[in-house]
Number of protein chains: 6
Amino acid sequence: MTVVVQNIERADPAVIDRLAAAGVATVHEAQGRRGCLASYMRPIYSGAQIAGSAVTISAAPGDNWMVHVAIEQLRAGVILVLSPTSPCDNGYFGDLLATSAMARGCRGLVIDAGVRDIRDLTAMGFPVWSKAISAQGTVKETLGSVNVPIVCAGAAINAGDIIVADDDGVVVVRRAEAEAVAVAAEKRLAAEEAKRRRLAAGELGLDIYSMRERLAEKGLKYV
Amino acid sequence: MTVVVQNIERADPAVIDRLAAAGVATVHEAQGRRGCLASYMRPIYSGAQIAGSAVTISAAPGDNWMVHVAIEQLRAGVILVLSPTSPCDNGYFGDLLATSAMARGCRGLVIDAGVRDIRDLTAMGFPVWSKAISAQGTVKETLGSVNVPIVCAGAAINAGDIIVADDDGVVVVRRAEAEAVAVAAEKRLAAEEAKRRRLAAGELGLDIYSMRERLAEKGLKYV
Amino acid sequence: MTVVVQNIERADPAVIDRLAAAGVATVHEAQGRRGCLASYMRPIYSGAQIAGSAVTISAAPGDNWMVHVAIEQLRAGVILVLSPTSPCDNGYFGDLLATSAMARGCRGLVIDAGVRDIRDLTAMGFPVWSKAISAQGTVKETLGSVNVPIVCAGAAINAGDIIVADDDGVVVVRRAEAEAVAVAAEKRLAAEEAKRRRLAAGELGLDIYSMRERLAEKGLKYV
Amino acid sequence: MTVVVQNIERADPAVIDRLAAAGVATVHEAQGRRGCLASYMRPIYSGAQIAGSAVTISAAPGDNWMVHVAIEQLRAGVILVLSPTSPCDNGYFGDLLATSAMARGCRGLVIDAGVRDIRDLTAMGFPVWSKAISAQGTVKETLGSVNVPIVCAGAAINAGDIIVADDDGVVVVRRAEAEAVAVAAEKRLAAEEAKRRRLAAGELGLDIYSMRERLAEKGLKYV
Amino acid sequence: MTVVVQNIERADPAVIDRLAAAGVATVHEAQGRRGCLASYMRPIYSGAQIAGSAVTISAAPGDNWMVHVAIEQLRAGVILVLSPTSPCDNGYFGDLLATSAMARGCRGLVIDAGVRDIRDLTAMGFPVWSKAISAQGTVKETLGSVNVPIVCAGAAINAGDIIVADDDGVVVVRRAEAEAVAVAAEKRLAAEEAKRRRLAAGELGLDIYSMRERLAEKGLKYV
Amino acid sequence: MTVVVQNIERADPAVIDRLAAAGVATVHEAQGRRGCLASYMRPIYSGAQIAGSAVTISAAPGDNWMVHVAIEQLRAGVILVLSPTSPCDNGYFGDLLATSAMARGCRGLVIDAGVRDIRDLTAMGFPVWSKAISAQGTVKETLGSVNVPIVCAGAAINAGDIIVADDDGVVVVRRAEAEAVAVAAEKRLAAEEAKRRRLAAGELGLDIYSMRERLAEKGLKYV
């Protein structure tokens with residue numbers, strides 16, 4: 001039940017960077033509108049847009065011992081993802097842990113619980129998406145697991161899955177699908193550019209997307 | 001049930017601008033403490049202070065088809081107001097729709113649901129007040145209505161009502177009452193100025209508002 | 001039941017300033033992980049870090065009359081702390097009350113309800129931690145009490161207790177414990193500095209805190 | 001702003017009884033899936049199924065004075081509907097008010113706030129649908145209005161509208177549409193009876209409703 | 001910080017029983033509308049109406065070790081009151097603990113967290129008021145305290161305070177005020193009886209409480 | 001993305017029945033305190049205690065089309081488990097669907113959304129665990145999937161996993177672990193019986209579980 005999985009497979013770093021560049025909303029659409037974490041997951045500061053391989057943590061409520069264990073498993077380019085085994089808003093993570101995580105190349109934290117020292121984290125440029133901001137501390141008494149499958153903020157996440165996070169929230173991409181999703185996302189972005197110009201010029205989505213006929217068929221009435 | 005009302009009556013643009021200048025809290029007080037939307041309606045960025053005529057949208061949960069329909073109904077100076085027919089936090093609206101809405105003179109969006117692409121919307125200066133920020137996308141399958149009466153975040157809103165929104169939230173003013181409310185709001189602002197100076201000089205509200213006698217009558221005791 | 005306690009004992013101002021300098025998370029840890037208010041208490045703007053003696057207000061829902069009464073009781077260096085007698089998100093406090101409170105040396109407001117005029121409050125540099133931002137106004141009809149013991153956002157607070165607030169939230173320190181907590185907090189800060197350097201250099205918390213043996217004893221398995 | 005409207009038009013009592021017999025879910029469907037109050041409105045005991053003409057109350061948070069005023073306006077067959085002007089869970093109503101309301105022929109209470117004395121109310125057979133059960137009492141200090149349009153639990157309600165409530169929640173029907181909705185509801189009930197028999201015999205909705213072709217067209221795959 | 005206070009002073013058992021007989025709403029009113037716990041505290045079954053001296057527990061989130069410690073401190077006629085040090089909905093308590101608590105004369109549990117085995121607890125007649133029902137188990141790793149002052153569901157509670165609980169929720173009465181509150185509650189009940197008869201006969205509260213003049217003075221208009 | 005998986009592997013029916021007999025709390029403990037769904041999942045009536053193989057449904061918000069598709073996939077002894085792709089409280093399921101599901105041997109429904117016709121469902125003895133009770137209807141416009149892995153109320157569930165549900169909530173057991181969990185659960189139940197007798201006789205958990213020494217070591221003080 002309590003186990004640390006030490007070697008996780010990771011996606012191609014170049015693909016991960018392409019997903020970061022595409023951003024959360026586009027990646028989410030590109031994989032068929034799947035994978036978003038719950039909308040209560042908010043960044044502690046705005047402007048960060050990152051992607052990385054998930055190192056997952058399953059932790060007891062109010063207990064951040066496993067974060068210390070997980071930090072040893074970090075490699076450059078990963079994102080820590082923590083889910084408590086029952087709902088909790090304690091501040092599991094602060095500036096000391098962030099210092100340690102950054103020293104090992106960690107790109108950020110996604111946590112379905114609380115975080116603290118947010119002024120320091122902001123100054124350090126260590127981005128966090130969390131359910132809460134809370135100074136309430138934790139203990140180190142109960143084992144959990146690292147790099148096991150978890151459910152975080154309503155999304156199933158495996159170690160090595162790619163996490164993409166920006167001001168719109170957080171989305172997870174399966175490792176095996178990463179390249180295909182990156183390709184689809186870039187195709188979407190390219191297509192959006194042309195649409196943006198037409199819309200800016202005053203054309204209507206009703207016409208660009210040829211919606212009028214189908215709306216009429218469904219019975220929409222103008223009065 | 002599913003209908004698009006094409007012509008809505010609008011208030012005098014000069015009156016609308018006076019309401020914008022007064023701001024949400026003052027307008028709300030000036031009309032007898034009525035019309036505030038629920039406090040969970042928050043701006044995606046701070047500093048915007050706008051007013052406009054409501055173009056209303058009633059949409060199915062998870063379906064933003066009617067936004068496209070509503071955009072054709074926009075005129076310069078309006079604000080889009082969307083309410084889903086049951087609670088939903090999906091991201092109904094993003095940068096492409098905002099591009100289209102801005103091209104038609106729309107001043108902003110008030111949505112009892114989610115919005116996405118908030119970094120782009122912020123950069124574009126398109127203000128949104130929403131219940132959630134969410135990358136979760138929507139479909140285009142179910143009809144709704146445009147410019148029918150709706151309830152949005154606890155407030156009844158008719159097409160053509162004036163929406164005022166700023167960092168304090170959102171308030172609605174009935175079209176027929178707009179001028180009277182603007183006058184009352186300006187009277188309030190003028191009266192506040194004198195009070196602000198007296199309070200800044202150290203005078204007490206207890207004295208300025210002559211509260212001491214009534215407090216004593218009610219039985220307040222000092223110990 | 002409705003009473004204004006006029007003279008409250010206050011902690012040494014120098015101690016209060018030391019608690020402010022330590023910040024919420026450190027103070028909370030230094031007193032044995034006690035005293036945090038609920039994590040829904042958020043600042044209206046980021047960057048403020050204050051401490052002060054509590055002047056407490058118990059007010060009826062939707063009624064801010066007692067705020068006016070409490071302002072007369074303010075002294076330089078205090079923080080207003082308001083709790084409604086039942087859950088309420090109305091905007092009890094705005095820029096006029098802030099002008100009056102600042103004129104009397106008040107350092108900020110902690111309110112388990114709503115606040116409004118947040119653009120003005122931000123410009124004035126009057127910090128507020130609240131449950132909500134709401135333009136919804138209040139009445140002045142029902143008596144409450146000032147400087148009685150209250151429960152605010154889940155924490156018991158007495159008049160004269162020290163309130164510390166920053167971007168991580170709000171914590172309360174008992175007046176009699178203020179000096180001891182300040183000492184403990186400063187000891188913590190000093191100890192953290194050395195740890196931060198070691199962690200930044202790549203050492204692991206597992207080693208710095210000698211956790212490996214106890215983890216093994218508890219049965220943690222690496223696979 | 002604070003007004004008591006004394007004469008409200010009411011629907012035909014026979015039609016109201018037909019709506020009660022149809023129940024909430026059927027009435028809601030029969031009028032085009034409109035009019036449901038929020039799902040947090042729950043009955044204090046199960047098994048009641050009622051309909052009646054709305055007598056509406058707009059009341060300040062924590063203040064039940066207007067309930068006393070509204071009771072004078074009750075006629076046989078009405079249902080009290082109370083909405084506070086901002087969110088509140090206080091117990092506005094208990095067994096004494098229920099005794100008074102029942103003496104005047106009131107059929108029940110729908111309240112977007114709290115209720116108390118629920119053991120007594122249950123024993124008396126006075127049904128209530130509420131947001132909360134709470135012993136927290138209220139004051140009688142601030143005026144509100146009776147029989148004005150309100151928004152209650154997300155639904156716009158006018159005095160004289162028909163309220164239908166049962167174990168599934170609460171729905172409102174516009175007075176002018178009451179008869180048409182009753183007819184449509186009864187048609188629905190009749191049609192459901194035949195379907196129920198076919199489904200009970202093992203036929204599939206996929207076949208009864210001829211869904212297979214449209215599912216295939218949309219692209220559903222069986223693997 | 002972690003301490004078990006062994007001897008608590010208790011109120012006169014006869015007074016406690018009088019408070020139980022009066023019930024939550026009446027006791028709450030009789031002590032000046034104070035002391036109600038939050039309305040989310042609900043009984044696991046209806047019909048229980050109890051009072052007892054509080055044995056308080058402060059416990060870590062997800063850790064029920066202190067319940068075992070507290071049970072040793074139980075005496076006949078007490079009620080266990082548990083508050084976690086941060087929000088938690090775990091099932092801290094089930095049928096085995098209830099068996100043990102009943103064997104020592106405990107009358108029930110009030111818990112600002114979760115409870116489980118509710119079918120068994122109901123069959124045993126052990127009443128519980130809780131924030132949640134949850135099968136999620138807890139650990140026994142972290143110390144807490146017994147019989148220290150706590151805040152439970154928004155109310156400050158000391159060991160030895162009297163807890164009254166029924167279908168309307170939970171209220172706390174200070175030990176020193178218990179007799180005075182019992183007297184006031186019984187006076188209220190007697191007065192209500194006469195009013196109930198008059199209301200049942202059709203008299204209006206407006207007349208019984210002489211409200212008409214004050215309503216007119218405040219400006220209520222009938223149209 | 002939208003797919004119906006037709007053949008799912010199922011656990012031994014005898015094992016499923018043993019899990020049902022053990023109940024949710026015991027099964028949850030027996031598998032290492034894993035698998036509970038969120039505590040907001042409540043039964044529509046009390047007393048049901050069931051287990052069955054999951055037939056999973058991933059459905060769009062406000063769209064119950066896939067329920068019809070899933071019913072064809074039901075076999076005797078299964079439990080329907082529905083999760084919307086974003087939060088939704090609509091009433092996806094009522095008495096007609098229950099009639100159809102029962103005709104095919106379905107034992108109940110677990111739905112992270114709403115249900116309606118609860119009086120009929122109760123009369124029929126068709127148990128449901130849901131997030132909400134709501135009469136709000138749904139459409140049939142958007143495809144989803146059947147028997148794919150889903151996250152329901154915070155728990156990852158695969159088609160063919162065993163669902164156990166009773167008054168304490170819902171827990172999921174992996175198919176491959178079902179027998180081992182049943183064995184562990186029965187061992188637990190047997191062990192509890194002896195403890196229950198000792199506790200009923202007044203022995204303390206502190207002694208039965210030999211907790212005193214470890215409490216003292218951790219530093220618990222009695223005063």
Side-chain angles (χ1 to χ4, degrees), chain A residues 23-43 46-49 129 154-155 164-171 188-189 191-212 214-223, chain B residues 1-7 44-46 62 64-74 88-91 93-105 113-124 130-148:
Chain A
V24 173
T26 298
V27 166
H28 157 77
E29 290 285 341
Q31 67 179 347
R33 285 193 202 109
R34 288 175 304 138
C36 276
L37 275 65
S39 64
Y40 61 70
M41 296 295 285
R42 299 299 309 141
S46 55
Q49 182 166 331
W129 286 257
V164 187
D166 63 20
D167 291 351
D168 287 344
V170 184
V171 68
R188 251 187 102 81
L189 288 171
E192 280 185 357
E193 202 38 52
K195 282 178 203 156
R196 188 176 292 108
R197 275 194 300 272
R198 293 174 67 183
L199 292 166
E203 271 191 86
L204 287 169
L206 290 179
D207 297 315
I208 295 175
Y209 306 110
S210 307
M211 290 170 170
R212 293 188 192 276
R214 196 162 153 255
L215 286 165
E217 271 173 26
K218 285 262 187 179
L220 186 64
K221 292 214 168 48
Y222 287 80
V223 298
Chain B
M1 301 305 181
T2 60
V3 73
V4 180
V5 178
Q6 290 178 284
N7 293 304
I44 58 167
Y45 59 85
S46 56
N64 78 342
W65 207 6
M66 285 302 113
V67 180
H68 290 273
V69 172
I71 283 176
E72 189 177 27
Q73 306 304 320
L74 298 178
C88 185
D89 69 357
N90 283 183
F93 192 96
D95 77 309
L96 287 181
L97 285 166
T99 299
S100 185
M102 286 183 86
R104 302 184 75 83
V115 62
R116 65 186 190 180
D117 299 331
I118 66 166
R119 192 159 70 164
D120 293 331
L121 297 180
T122 303
M124 294 163 69
S130 72
K131 181 170 81 167
I133 292 166
S134 170
Q136 180 74 40
T138 51
V139 297
K140 291 166 195 21
E141 297 287 354
T142 302
L143 296 187
S145 291
V146 173
N147 285 331
V148 295

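Below, all heavy atoms of this structure are taken into account, side chains as well, without hydrogens, waters or symmetry copies. By convention in this document, chain letters (A, B, ...) are assigned in the order of the sequence lines, proteins followed by strands, and residues within each chain are numbered from 1.
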With only heavy atoms counted, which part of R198(A) is less than 4.5 Å from chain B, the side chain, the backbone, both or neither? neither
What are the two closest heavy atoms between E203(A) and S100(B), and how far apart are they? O-OG, 4.1 Å
Applying a strict 4.5 Å limit to non-hydrogen atoms, the region of E192(A) in contact with chain B is both
Contacting region of Y40(A) [heavy-atom separation from chain B under 4.5 Å]: neither
Considering all heavy atoms of both residues, which atom of Q136(B) and which atom of R33(A) are nearest to each other, and what is their separation? NE2-O, 3.6 Å
Which pair of heavy atoms, one from S39(A) and one from A132(B), lies closest together, and at what distance? OG-CB, 4.0 Å
Looking only at heavy atoms, what is the nearest atom pair of G219(A) and T2(B), with distance? O-OG1, 4.0 Å
Just give me the residue among S145(B), S134(B), G137(B), A103(B) that pairs up with chain A most often, heavy atom to heavy atom, under 4.5 Å. G137(B)
Inter-residue atom distance R119(B).CZ - Q49(A).CD, 0.5 Å rounding: 4.5 Å
Counting heavy-atom pairs under 4.5 angstrom with chain A, the leader among I133(B), I44(B), V3(B) is I133(B)
So CD of E29(A) and OG1 of T138(B): to nearest 0.5 Å the spacing works out to 7.0 Å
Go through the atoms of R116(B) and report whether side chain, backbone, both or neither lie under 4.5 Å from a heavy atom of chain A. both
More than 12 heavy atoms of other residues, nucleotides or ligands under 6.0 Å from NZ of K218(A): is that the case? yes
Between D95(B) and chain A, with a heavy-atom cut-off of 4.5 Å, which part of the residue counts as in contact: side chain, backbone, both or neither? side chain
How long is the gap from CG on L206(A) to CD1 on I71(B), to the nearest 0.5 Å? 8.5 Å
side-chain contact (heavy atoms from CB on, under 4.5 Å) assessment of V69(B) paired with M211(A): CA-CA 9 Å; V69(B) 172; M211(A) 290 170 170; over 6 Å; no
What's the shortest heavy-atom distance between A135(B) and V24(A), and which atoms? CB-CG1, 3.5 Å
Could you walk me through whether W65(B) and L215(A) pass side-chain contact (heavy atoms from CB on, under 4.5 Å), step by step? CA-CA 9 Å; W65(B) 207 6; L215(A) 286 165; 3.4 Å; yes
Those residues that, when tested against M102(B), pass side chain to side chain contact (heavy atoms under 4.5 Å, CB included) (two or more places apart): M124(B), F126(B)
Drop me the distance from H68(B)'s NE2 to I208(A)'s CD1, to the nearest 0.5 angstrom. 9.5 Å
Between L96(B), D89(B), T142(B), T122(B), which residue shows the highest count of heavy-atom pairs closer than 4.5 Å to chain A? L96(B)
Donor-acceptor check, side chain of D168(A) to backbone of I118(B), threshold 3.5 angstrom: yes or no? yes
What are the two closest non-hydrogen atoms of L220(A) and G144(B), and how far apart are they? CD1-O, 3.9 Å
So for R42(A), is it side chain, backbone, both, or neither that comes closer than 4.5 Å to the heavy atoms of chain B? side chain
Say you draw a straight line from OG1 of T99(B) to NZ of K195(A); how long is it, rounded to the nearest 0.5 Å? 12.5 Å
